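Remember, it's 1-based here, ligands and their atoms both numbered in the order they're listed. The shown structure was predicted, so the numbers you read here are calculated from the model rather than taken from an experiment.
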Amino acid sequence: MNALPSQIAELRRDASRRLADAGHHSPALEADLLLGAASGLERTQLIAWPERALSAAQQQRFEQLIRRRLAGEPIAYLLGEREFWSLTLQVSPATLIPRPETETLVEQALKALPASAPLRVLDLGTGSGAIAAALAHERPDWTLIGIERNAEALGVAALNAKQLQLSNLGLLCSNWSNALGNACVDAILSNPPYVPADDPHLNQGDLRFEPLTALVSGGDGLDAIRAIIADAPRCLRPGGLLAIEHGWDQAPSLRALMQAQGFEAIETLRDLSGQERVTRARHSSAQSD
Ligand code: GLN
């Protein structure tokens, strides 16, 4: 006996209602994304074929996905992918789910750096490789180096580089910039963990399922940022760019840290929702030692 609905229209309606009852904001879209993943059908096909019945295996896969979603698992992990900068990126629970606000970091790098120079640009803590992949895609003349300490996340980044055919994206397993030589890059970009350890958001929504090491960095959220800024002058060529994503209230701390390291032209940029999101600076051209 099979108590589950089998026709596409019923499956969509039933799942959408269950997700809505659980307070999800886009229940119909979520239902369709998961039904697409379970059946291999496009959303347009789901809409066009309401009376088509799915196989028992497809129905079971769908039911499993709906239950996991109702238990809070992020859509991106259930689908195994997320769009970032118009690229479809593989993601896994070993990586942070790329956020729209991180596109601010990509955008400022595209504007600040010469498009057709053979630059070496570093993405520290690359995770799924989102920032490095977007820039490698936009700037074929640049060489992107994605650095990641977590080997599993680095595997996801490697998969993305391969699938997106980004031959100018290299990956390296290292704790921040430890593996790098002196004055070897033109720019350092990073979306490091920056959430304070006691932030209540960590117990809400998608964040509950994301790797804590990619989110949290000490009591004030600034441990990783301090380490990156402290080592950046060593790795950057004179005049090189350092740009770091951070929390809405952390910009003054980043500016002070950059100033203490002798950085120049320090400024903070806002994301599309108006929050201070990226602070950047240029490595001074005069060496202090
Ligand atoms: N912006 C993310 C959030 O608050 C955090 C990402 C990060 O720590 N790099 O959900």
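Judged purely by atom type and a 3.5 angstrom limit, Arg120 uses its side chain to pair as donor or acceptor with the backbone of Cys184. Judged by distance alone, the side chain of Asp271 and the main-chain N or O of Thr104 form no donor-acceptor pair under 3.5 Å.
Val195 is not listed as a side-chain neighbour of His201, based on a closest heavy-atom distance of 4.5 Å or more.
Arg149 meets the salt bridge (Lys or Arg N to Asp or Glu O under 4.0 Å) test with no other residue; sequence neighbours excluded.
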What are the polar N/O contacts of ligand 1 with the protein below 3.5 Å, with distances?
| from | atom 1 | to | atom 2 | distance (Å) |
| --- | --- | --- | --- | --- |
| ligand 1 | 1 (N) | Glu101 | OE2 | 3.4 |
| ligand 1 | 1 (N) | Tyr194 | OH | 2.7 |
| ligand 1 | 8 (O) | Tyr194 | N | 3.3 |
| ligand 1 | 8 (O) | Leu215 | O | 3.4 |
| ligand 1 | 9 (N) | Asn191 | OD1 | 2.7 |
| ligand 1 | 9 (N) | Pro192 | O | 2.7 |
| ligand 1 | 10 (O) | Arg99 | NE | 3.4 |
| ligand 1 | 10 (O) | Arg99 | NH2 | 2.8 |

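Rounded to the nearest 0.5 angstrom, Gln64 CD and Leu78 CG are separated by 11.0 Å.
Salt-bridge formation is detected for the pair Arg99/Glu210: a Lys NZ or Arg NE/NH1/NH2 atom is positioned less than 4.0 Å from an Asp or Glu carboxylate oxygen.
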